[in-house]
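Only one structure is covered here, and it is reproduced in the block below.
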Amino acid sequence: MEIESENSKKQIQNEDENFFQTIGSRKKLKTLKVIPNLPKWIDESVNYSGDIQNNSVGLNEIEQPIDDCLLNTLRKNGIEKLFPVQKEVIPKLMESLKKKKYFRPRDICVLSPTGSGKTFAYSIPVIQYLLDRIVTQIRVLVILPVKDLANQVYKVFQNFCENTTLRVGLATGSSSSNTFYKPNADGTQTICLVDILIATPGKLVDLIMNNEDSGRDFHLRNLEILIIDEADRMMNETQLQWLSTIEYAVHGSSRKFYCPCLTPNAESLQCNYNVDPLCACSTFQMRKTLFKILFSVTFTTDPEKIDNLSLYKPLLINMNSSNNDDLSERIKPVALPENLKELMVISDQDKKPLILWHLMKNLGYKRILCFANSIVNAHRLGQLMKKLPELIVHELHSKQNIHKRTKILKKFANGSIHILISTDVTARGMDIDGIDCVVSYDLPRNETAYIHRIGRTARAGKQGTAITLISPDQLKHFNIILRRTHKFSSTSNDKNK
Ligand SMILES: Nc1ncnc2c1ncn2[C@@H]1O[C@H](COP(=O)(O)OP(=O)(O)OP(=O)(O)O)[C@@H](O)[C@H]1O
């Protein structure tokens, strides 16, 4: 009897466990994996190998020839070969831009690892496209998430445009000049002063909106090409609604227009030229279309965010060459720089500053970029490290103004600073020459942050080391980050782990 009642008790308990989740219980419930419903164009991506060592080509070896003045600038900067992303993307963009007069080009989205040369991949073809323009108008807009990055890209464009008649403008919160248009001699018209505008979203929205309010002379009615660098980060800047503001500034109040060829009753149907097939009306409106080009290391798997970009028949070029069957995994960060060595040091929190000192003094690293998770942490560590002998240490964070940050970065690049302790403000896109070691002093929050941090070294095919300092209790979290980062990375990366 007793045994029977024991059994029935157990049975009831098991049934209960199946129906109820007890809060705080250790039992793991199987959770179903959510598979995002991603658009078909991601499945139809064209994949290439991003191997800089084996897949670079000579400057004259691509299908569409690069103009002599751009070739001269490249050679002057010591560039003799085009990296894989440049080899694949430059001819495709040139071809799309050539045909742009007659056909609306497919929008292009490029995924490529950190330090693989994405900036040249978009700057060369758009400058070449503008070389024979007659009237100066803002025709190209490059959007970047932060001032420091916008500054960096501005310098690249300025360098390429030096021996041309093209003018480049910079619109960030701290840019010294905000004059992009001026009145002509008799004051009857306005003259545009820039062909290519590099901007951060906040400043650009401010220029567009204030122009509307106060009648200033800023407009984007002639904009033809929109380049979105660090596209995945830009997709998160939703609070400003920067993309719809730009599109509004280009197209005016309505992006739709009446399409009489599709219906006898013209008023009853509007043809959305973003999604509908080309027709007589849409070709008539061709001048008003905006060619969108996106560059990123990582990409969102959120279908809503992708949809918000309203891309036109997008073509995805993936330099990560992962052929994973799972669509959502294909656009995740997969490839790391080829010559990157990843290391981790398990240490108690109070020993970490000494490890940093040891790396510099005993292991011979010359220039270390060290990441902390907050301004307070960076400042505290900076103050402590400054007390250690024979080390020149500086800190860098968003509370410093852009001029101070630029000055520090310049000093760091020319070797006058040994260790730069930074928040994640420098983690994305910053190209600082000669960093031989990146240290994550605080554990990065996720795999995306980790990939961007370690991507500050081993750039352009060079060697580099990334070291993560972790306390024993962080090991589990760091393992998850590593597993996600290396899930599909190539064997060349695996051997460096
Ligand atoms: N063909 C080339 N030959 C030699 N160096 C190059 C070449 N192309 C680019 N570089 C150099 O490689 C470095 C990295 O380039 P870039 O900043 O464009 O990389 P990125 O892919 O945009 O990186 P991130 O994703 O981190 O922003 C730069 O210093 C650039 O001058």
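Starting from 1, each residue takes its place in the sequence as its number. Read the numbers this way: they start at 1 and go in the same order the structure lists the ligands and their atoms.
Between the Arg456 side chain and the Ala427 main chain, a donor and an acceptor come within less than 3.5 Å of each other. Side chain of Asp107 to backbone of Lys292: a donor-acceptor contact under 3.5 angstrom is found. Between the side chain of Lys118 and the backbone N or O of Ser112 there is at least one donor-acceptor pair closer than 3.5 Å.
Among Ile317, Thr119, Val89, Leu111, the single residue meeting the side-chain contact (heavy atoms from CB on, under 4.5 Å) criterion with Phe295 is Val89.
Within 4.0 Å of ligand 1, contacts by protein heavy atoms are made from Ile79, Lys81, Leu82, Phe83, Gln86, Pro113, Thr114, Gly115, Ser116, Gly117, Lys118, Thr119, Phe120, Glu230, Val297, Gly429, Asp431, Arg456, Arg459, Ala460.
Separation of atoms CD (Glu390) and NZ (Lys361) is listed at 4.0 Å; rounding is to 0.5 Å.
Environment of CG in Asn77: crowded, with over 12 heavy atoms of neighbouring residues, nucleotides or ligands closer than 6.0 Å.
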